[in-house]
K.L.:
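Quick one: this structure, given as structure tokens, is what I'll be asking you about.
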Number of protein chains: 2
Amino acid sequence: MADFLHFCNQFSPLNQEAMEELFENLKIKHFQKGDYLLKIGEVCKHLYFINEGLTKTFFIKDDKEFINVFGIENRLFTVFESYVTQTPSNFNVIALEPTTITLISYSEMDKLCKKHHGAETFFRKLASLAATKMTRRISEILEENATERYNLFVKENNQILQRINLGDLASYLGITQQSLSRIRAKK
Amino acid sequence: MADFLHFCNQFSPLNQEAMEELFENLKIKHFQKGDYLLKIGEVCKHLYFINEGLTKTFFIKDDKEFINVFGIENRLFTVFESYVTQTPSNFNVIALEPTTITLISYSEMDKLCKKHHGAETFFRKLASLAATKMTRRISEILEENATERYNLFVKENNQILQRINLGDLASYLGITQQSLSRIRAKK
DNA sequence: AGTAGTTTTTATCATTTGGTAAAAAATTGC
DNA sequence: GCAATTTTTTACCAAATGATAAAAACTACT
């Protein structure tokens with residue numbers, strides 16, 4: 001809880017009243033490895049702040065899995081389109097480890113946004129940051145080949161690298177596990 | 001101007017006062033084919049609403065061009081990261097045709113956001129939509145091969161297809177022009 | 001230690017895409 | 001209409017990645 005408070009203050013401070021209202025409505029939930037936080041077709045009703053653990057957000061097409069994003073400790077994420085429009089999700093989210101999550105519900109956030117200008121600012125910043133990160137990822141995928149993308153991931157995600165298996169990393173990079181294994185062997 | 005008003009009302013209506021304040025500070029600018037709206041290294045100081053014409057947002061790496069997005073009539077766009085953080089842009093933006101643009105300055109939007117809750121909402125929605133679109137594009141790039149991405153582009157952008165040359169389309173798809181030509185020949 | 005299950009690596013061949021070069025077609029300016 | 005320029009296509013070979021299969025390495029459980 002302290003971590004989430006810290007995160008909020010760092011990211012976009014809310015006033016006392018909004019902060020209290022937000023914290024009154026937080027829920028904490030535990031997931032075992034393999035548990036679903038969200039399934040394709042369900043509406044994503046929460047922002048997820050990871051206190052501890054690791055998640056992946058993914059979908060499957062033609063028996064191949066594609067990972068959109070890993071959920072990492074002390075970061076806030078959601079399935080954006082589903083959350084924002086409250087329509088069925090195109091992504092599954094599951095826990096890759098025993099995971100503890102602080103949940104912020106859509107209805108609560110929505111209420112808060114309408115009531116407090118600062119909450120709206122908070123969410124605007126969150127969406128902006130998401131858009132920025134996505135843009136970078138698109139550039140990366142287009143301009144770098146798989147080897148370079150792998151190296152970049154290693155450089156920027158050293159903290160979680162040991163906790164992600166090769167198959168999942170390959171799914172994130174958009175290549176087969178065999179290709180990734182080959183890439184690593186070449187070094 | 002009427003188009004932009006219509007766009008705003010559709011997208012996220014502002015109250016009378018905010019709307020008037022916004023419209024007082026709009027500027028309209030004309031660009032010739034090949035003119036730069038923004039160069040890499042400059043700070044993106046505007047939201048761009050395209051009244052007429054077509055633009056591309058791109059960067060170059062190893063002599064290869066990569067297009068992030070095409071700017072299309074009656075759509076609002078910007079170089080997100082640069083605009084939001086007011087730091088130097090990693091992208092160029094140029095006009096592909098004679099283009100008329102309604103400009104909304106950062107400082108004005110910022111003022112408006114601080115003053116009017118509704119403007120903040122407007123911008124939150126804009127950022128959310130951007131993030132959503134980016135997520136879709138990432139999924140697309142990862143899951144579809146070049147042929148399928150080309151087919152998808154044709155289906156969804158028929159309106160501007162004739163106005164984009166093959167080289168630019170290839171740059172958007174992330175492949176060489178020769179590959180794209182080959183893909184089209186196969187059909 | 002041994003078995004079963006999972007993860008990673010290796011191998012082989014097919015397919016896709018890239019790099020380079022050049023020809024063909026279309027567009028522009030005079 | 002013709003020359004110059006730009007855009008698109010074709011061709012050939014190289015490199016990257018995919019598909020499939022199987023072996024090897026690692027993990028968990030008893």
Side-chain angles (χ1 to χ4, degrees), chain A residues 32-35 54 56 58-67 70 94-98 137-154 157 160-187, chain B residues 32-35 53-56 58-67 70 94-98 137-154 157 160-187:
Chain A
Q32 291 310 306
K33 178 172 174 174
D35 284 354
L54 191 61
K56 65 176 175 184
F58 68 104
F59 65 98
I60 291 174
K61 149 141 185 179
D62 299 339
D63 290 330
K64 266 184 82 178
E65 179 178 304
F66 297 91
I67 293 180
F70 291 107
I94 76 171
L96 295 176
E97 303 174 355
R137 175 120 190 254
I138 291 170
S139 297
E140 239 174 74
I141 300 174
L142 291 180
E143 76 179 305
E144 317 282 9
N145 63 22
T147 304
E148 286 162 338
R149 286 198 322 270
Y150 169 71
N151 290 333
L152 206 57
F153 187 91
V154 169
N157 298 85
I160 57 162
L161 194 61
Q162 317 79 328
R163 294 154 64 188
I164 297 174
N165 70 36
L166 264 206
D168 281 343
L169 182 46
S171 299
Y172 178 83
L173 296 173
I175 57 178
T176 62
Q177 176 171 315
Q178 288 80 343
S179 292
L180 179 52
S181 187
R182 183 162 40 193
I183 284 167
R184 304 206 317 166
K186 253 189 287 179
K187 300 206 90 176
Chain B
Q32 291 310 307
K33 179 174 173 172
D35 284 354
L54 190 63
T55 67
K56 66 176 173 184
F58 68 103
F59 65 97
I60 291 174
K61 149 137 186 181
D62 300 339
D63 291 331
K64 267 184 81 178
E65 180 178 303
F66 297 91
I67 293 180
F70 291 108
I94 76 171
L96 295 176
E97 302 174 355
R137 175 119 191 255
I138 291 170
S139 296
E140 238 174 73
I141 299 175
L142 291 180
E143 75 179 305
E144 317 282 8
N145 64 22
T147 304
E148 287 163 335
R149 285 195 327 267
Y150 170 71
N151 290 333
L152 206 59
F153 187 92
V154 168
N157 297 85
I160 58 161
L161 194 61
Q162 316 78 329
R163 293 153 66 189
I164 297 174
N165 70 36
L166 264 207
D168 280 343
L169 182 46
S171 299
Y172 178 83
L173 296 174
I175 56 177
T176 61
Q177 176 172 314
Q178 288 79 344
S179 292
L180 179 53
S181 187
R182 183 164 40 192
I183 284 167
R184 305 207 314 169
K186 252 188 288 180
K187 300 206 90 177

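Throughout, protein chains are lettered first and strands after them, A, B, ... in sequence-line order, and every chain is numbered starting at 1.
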K.L.:
Should B:K33 and B:E97 count as side-chain neighbours, where that means a heavy-atom distance under 4.5 Å?
P.N.:
no
K.L.:
Between B:Y150 (OH) and D:dT9 (C1'), how many Å, whole number?
P.N.:
13 Å
K.L.:
Would you call A:L96 and A:D168 a side-chain contact if the rule is heavy atoms closer than 4.5 Å?
P.N.:
yes
K.L.:
Please tell me if the side chains of B:S139 and A:F66 come closer than 4.5 Å, counting only heavy atoms from C-beta onward.
P.N.:
no
K.L.:
Working note: B:R182 + B:S179, criterion side chain to side chain donor-acceptor pair (under 3.5 Å); need CA distance, chi angles, decisive distance, verdict.
P.N.:
CA-CA 5 Å; B:R182 183 164 40 192; B:S179 292; 3.2 Å; yes
K.L.:
Taking the nucleotide of DNA chain C with the closest heavy atom to each, which residue, A:S179 or B:Q178, is nearer the 5' end?
P.N.:
A:S179
K.L.:
Go through D:dT17, D:dT9, D:dT20 for me and flag the one nearest to the A:N145 side chain.
P.N.:
D:dT17
K.L.:
Ring of B:F70, cation from B:R163 - is the NZ or CZ under 6.0 Å from the centre and inside 45° of the axis?
P.N.:
no
K.L.:
From CG of A:D62 over to P of D:dT20, roughly how many Å is that when rounded to an integer?
P.N.:
11 Å
K.L.:
With nearest nucleotides of DNA chain D determined for B:L180 and A:R149 from heavy-atom distances, which residue corresponds to the more 5′ nucleotide?
P.N.:
B:L180
K.L.:
Output the rounded distance in Å from CG (A:D63) to P (D:dA19).
P.N.:
10 Å
K.L.:
With side chains defined as the heavy atoms from C-beta onward, is the minimum distance between A:E148 and A:F153 less than 4.5 Å?
P.N.:
no
K.L.:
Taking the side chain of B:A185 as its heavy atoms from C-beta onward, which of D:dT17, D:dT8, D:dT10 lies nearest to it?
P.N.:
D:dT10
K.L.:
Are the side chains of A:R149 and A:I175 in contact, using a 4.5 Å heavy-atom criterion?
P.N.:
yes
K.L.:
Measuring from the side chain of A:K64 (C-beta onward, heavy atoms only), which nucleotide among D:dT8, D:dA11, D:dA19 has the closest atom?
P.N.:
D:dA19
K.L.:
Taking atom C1' of D:dG18 as reference, at what distance in whole Å does atom CG of B:L142 sit?
P.N.:
15 Å
K.L.:
Extract, from 5' to 3' on DNA chain C, the first and final nucleotides lying under 4.0 angstrom from some heavy atom of chain B.
P.N.:
C:dT17 to C:dA21
K.L.:
Are A:T147 and A:R184 side-chain neighbours, meaning at least one heavy-atom pair lies under 4.5 Å?
P.N.:
no
K.L.:
Are the side chains of B:L169 and B:I67 in touch, meaning some heavy atoms are under 4.5 Å apart?
P.N.:
no
K.L.:
Are the side chains of B:I138 and A:I141 in contact, using a 4.5 Å heavy-atom criterion?
P.N.:
yes
K.L.:
Does any residue of residues 162-177 of chain B have a heavy atom under 4.0 Å from DNA chain C, and if so, which ones, in number order?
P.N.:
B:G174, B:I175, B:T176
K.L.:
Over its full length, what angle do the end axes of the helix from C:dA1-D:dT30 to C:dC30-D:dG1 make, each axis taken from five pairs and the result rounded to 10 degrees?
P.N.:
50°
K.L.:
Answer yes or no: is there an ion pair linking B:K64 with A:E143, defined by an N-O contact shorter than 4.0 Å?
P.N.:
no
